[in-house]
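Structure record follows, encoded as structure tokens.
In the text below, chain A, chain B and the rest are named by the order of the sequence lines, each starting its count at 1. Source: prediction; values computed, not measured.
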Amino acid sequence: MLVQQLVNGVSLGAIYAVFAIGFTLVFGVMNVLNLSQGAVFMWGAYVGLEVVRTLALPLPLAILAAATAAGLLGVLSEVLVFRPLQRRGAHRWMGMVGGLALARILIGLAQEIFGTQVVRYPDNALAGAALELLGARLQLLQIVAIGAALLMVIALAALLRYTNVGRAIRTVAFSENVARLVGVPVDRIRLMTFFVSGALAGGAGVLWSLLFQSVSPFMGDGILLKGLTVLILGGLGNIVGALVGGVLLGLVEVASVVVVGSGYRDAVGFGIVLLILLTRPTGLFATRETTRA
Amino acid sequence: MTPLLELRSVSRHFGGVAALSNVSFSLPRGAVIGLIGPNGSGKTTLMNVISGVDAPTDGAILLDGAPVQGLPANLLARRGIARTFQHIRLIPDLTALQNVTLALRTPSAGALDILLRLPRLGRIERDRRACGLKLLDQVGAGQHADTLAGGLSYGDRRRIEIARALASEPRLLLLDEPAAGMTHSERTSLRDLIAGLPERGLTVLLVEHDMDLVMGVCDEIHVLNQGNSIASGKPEAVRSDPKVIEAYLGAEDA
Amino acid sequence: MTDLFYAYHNVIDLCLLNSMLAFGCFILLGVNLFSLATGGLMAIGAYLSIWLTMQQGWSFAPALTAALVAASLAAFGLGSLVLRLRGDYFTMATLAFTEVVRIIALNWDSVTGGALGVFGIPQLTETWQLAGLLALVIYLIWAVRHSAVGERMRAIAADELAVSTAGHDVARFKLALFTASGAIAGLGGGLAAHLNMFIAPGDFGFLRSVDTVIAPVLGGVWNLAGPVIGASVLVVLPEALRFSAQMREILIGVTMLAVVLFLPAGLVGLPKLSRRRAAS
């Protein structure tokens with residue numbers, strides 16, 4: 001029972017973490033809160049679904065396609081919304097409203113193209129498969145979700161730590177002016193950051209809809225709220241914080257269902273956020289970098 | 001008589017860096033005290049700590065003998081400490097006069113006066129306007145009263161900021177490089193203005209790089225270097241103090 | 001004219017109500033506070049007022065007053081806790097508040113009817129009441145803005161440190177504004193509940209908060225006409241675009257985006273801009 005709940009919590013939390021890392025990356029690098037991220041997540045889920053359903057390609061390719069498409073949507077949000085606003089020196093709430101506007105457009109488009117009904121991924125070998133471990137029945141899907149999430153996080157960490165692009169991203173995060181001075185192509189790096197962020201959201205979208213067997217144009221709102229919760233739990237702009245915070249939120253939610261019932265599951269995260277903000281005004285894992293927020 | 005302000009081993013650390021360490025001195029009532037030192041010696045940090053913009057890591061600050069270290073800026077302003085900033089902090093989209101009346105201590109209108117627009121409101125606002133105009137005239141910026149502060153020259157903005165500081169009827173006025181960016185004639189009138197403040201019951205702490213101004217107007221000078229107090233005394237004595245000369249020369253070499 | 005009023009009085013009511021709510025966010029945006037607490041505060045006003053009118057037999061005016069007072073108190077309490085948070089953290093904390101209130105409403109079946117909501121609420125809100133209260137709110141904000149307090153507001157938006165060294169308690173000032181915005185939200189919640197005959201927790205969540213704060217940004221944050229124009233556009237546009245629900249979402253999004261990108265001063269700045277274009 002305990003192992004079962006643990007796996008439920010971690011697989012849910014892993015998806016939260018992947019989504020939130022993309023969120024927090026853009027925040028940490030560019031000090032931008034991209035509220036269209038939920039809609040990007042939803043589009044990732046649909047693209048993955050179409051690849052599996054109409055092209056009948058295997059799941060890993062579907063995740064890859066979804067991540068690429070969602071990454072391009074991330075790029076679109078930079079080009080269409082955040083870059084022009086930054087050039088103009090607009091107030092930061094303009095960015096928030098711009099992100100919400102883009103989300104509305106993306107949700108409307110999804111309704112137009114995919115319809116408003118809830119759909120699900122076709123049954124495949126993964127969905128039914130389960131294995132016994134320490135007396136618990138674990139869905140193979142959950143293991144896949146955790147594994148894929150882990151893979152994405154490791155890939156991101158490697159990108160940031162070992163590649164030139166990663167170094168450039170970290171320089172821009174430190175200061176755009178410094179980055180310009182040392183010859184980093186800031187505009188391109190910003191685009192790449194938005195791509196990576198969108199790709200993570202898209203990947204999370206596919207994993208989510210596999211795990212919960214539902215895809216709809218409105219699935220982005222819920223995850224956006226979860227992402228914001230994790231963002232605070234982990235400290236704005238803190239990637240490790242987002243990873244830990246995401247898994248923590250998943251575990252807490254699963255535990256709360258057991259303790260206080262499912263009705264309050266969504267309130268628990270926000271309750272914790274309020275408590276944390278009141279005791280530690282810059283988040284649970286606040287670091288020096290995050291204080292510039 | 002207790003001094004107006006007394007600093008007792010005031011320190012301020014930022015992480016591992018000591019911006020101020022164990023600075024002690026006192027400001028006698030009605031004096032103009034200079035605070036000089038090379039760039040980065042901790043002058044502005046000290047101003048911030050005294051005015052409540054920042055809190056000291058250690059040490060005590062006594063105003064009229066009562067500890068005030070760590071109190072927020074608005075309370076210290078109410079207790080008679082006003083300041084100007086090295087980087088001028090006027091509100092650009094308010095007029096010069098509005099910037100000054102912002103800090104006035106004369107009673108402002110109450111909620112009922114404002115919400116019901118009682119006749120009293122007009123009288124109160126006229127009084128405040130008159131007070132503000134008087135202060136602007138005193139610093140020589142009366143002609144700019146209804147100009148937006150953002151559009152004024154550097155020297156004018158400096159003077160308006162001083163008028164705003166005076167509007168809160170302070171006993172202690174902290175001036176952070178008031179002459180920076182001023183023309184020669186503006187400096188002369190600034191000097192006259194500062195020299196006249198003690199007669200009005202003010203004590204002044206002046207941070208300034210213009211040595212002619214500092215030497216001409218200060219009763220006593222304290223010298224900071226790398227967060228430490230290295231010399232203090234009469235202007236003539238400080239000017240010829242070898243430690244002070246070395247600090248400045250050393251800073252210029254760097 | 002009267003025919004027109006009857007045909008569109010739903011739209012007119014919503015324009016008036018949402019304009020009033022938008023002013024609650026407007027006064028906060030004026031001091032750089034982007035609050036998403038509106039939904040939660042409205043919920044408090046809405047549920048308290050219908051409980052009073054439907055179960056306690058109160059008449060409308062005292063019930064509305066109670067809604068206003070309760071939401072002000074809630075805003076005062078919330079504000080004294082979260083106003084010290086900076087920037088985005090403040091926004092997130094207010095969002096968390098709204099969501100917690102919504103979820104409590106979702107689970108407190110005896111008062112809120114749970115997810116199904118409350119039906120058969122007496123329709124007590126009249127158009128003239130909405131118009132009168134909106135006018136009152138506009139007048140009060142106008143009076144404050146044209147006083148020394150209004151100057152202080154603008155000063156806080158530009159430079160809080162300068163205002164506090166001038167001897168003003170910025171935190172207390174913001175708390176007063178936040179409480180006032182809570183009063184507007186609570187009143188609006190009570191009016192909204194008695195306008196539709198039906199409310200459910202979903203009416204007072206994230207989206208409600210977002211739409212309310214977007215209205216003044218769309219209309220214009222520095223002009224008293226801004227919230228009215230912004231809120232009215234957000235109400236009228238979907239009505240005007242009846243032809244397709246999906247296209248409606250897309251076109252609202254495009255409009256919002258266009259304003260954010262091309263009209264920094266909001267829709268209020270539109271005439272000025274076109275005059276300038278025409279002149280050049």
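- Both the backbone and the side chain of B:Leu115 come within contact range of chain C, with heavy atoms under 4.5 Å apart.
- Of the atoms belonging to B:Gln98, heavy atoms from both backbone and side chain fall under 4.5 Å from chain C.
- B:Arg79 does not touch chain C: none of its heavy atoms, backbone or side chain, sits under 4.5 Å away.
- Within the cation-pi definition used here (under 6.0 Å to the ring centroid, within 45° of the axis), B:Arg157 does not qualify as a partner of B:Tyr154.
- Counting heavy-atom pairs under 4.5 Å between each of C:Val163, C:Val144, C:Asp159, C:Val170 and chain B puts C:Asp159 at the top.
- Without hydrogens or angle criteria, B:Glu161 side chain to B:Ile88 main chain gives no donor-acceptor distance under 3.5 Å.
- B:Phe25 and B:His222 have parallel rings, their planes meeting at less than 30° on a 0 to 90° scale where 60° marks the start of perpendicular.
- For the set C:Ala148, C:Ala143, C:Gly167, the count of heavy-atom pairs under 4.5 angstrom toward chain B peaks at C:Gly167.
- Under the 3.5 Å distance criterion, with hydrogens and angles disregarded, no donor-acceptor pair is assigned to the side chains of B:Gln138 and B:Arg159.
- Under the 4.0 Å criterion applied to side-chain N and carboxylate O atoms, B:Lys134 and B:Asp137 are not assigned as salt-bridge partners.
- For the options B:Ile81, B:Ile91, B:Asn99, heavy-atom pairs under 4.5 Å to chain C are most numerous at B:Ile91.
- Using a 4.5 Å cut-off between heavy atoms, B:Arg117 contacts chain C through both its backbone and its side chain.
- Outside the 6.0 Å centre-distance limit, the rings of C:Phe173 and C:His168 are not counted as a close aromatic pair.
- Residue contact with chain C, scored on non-hydrogen atoms closer than 4.5 Å, involves the backbone of B:Leu116 exclusively.
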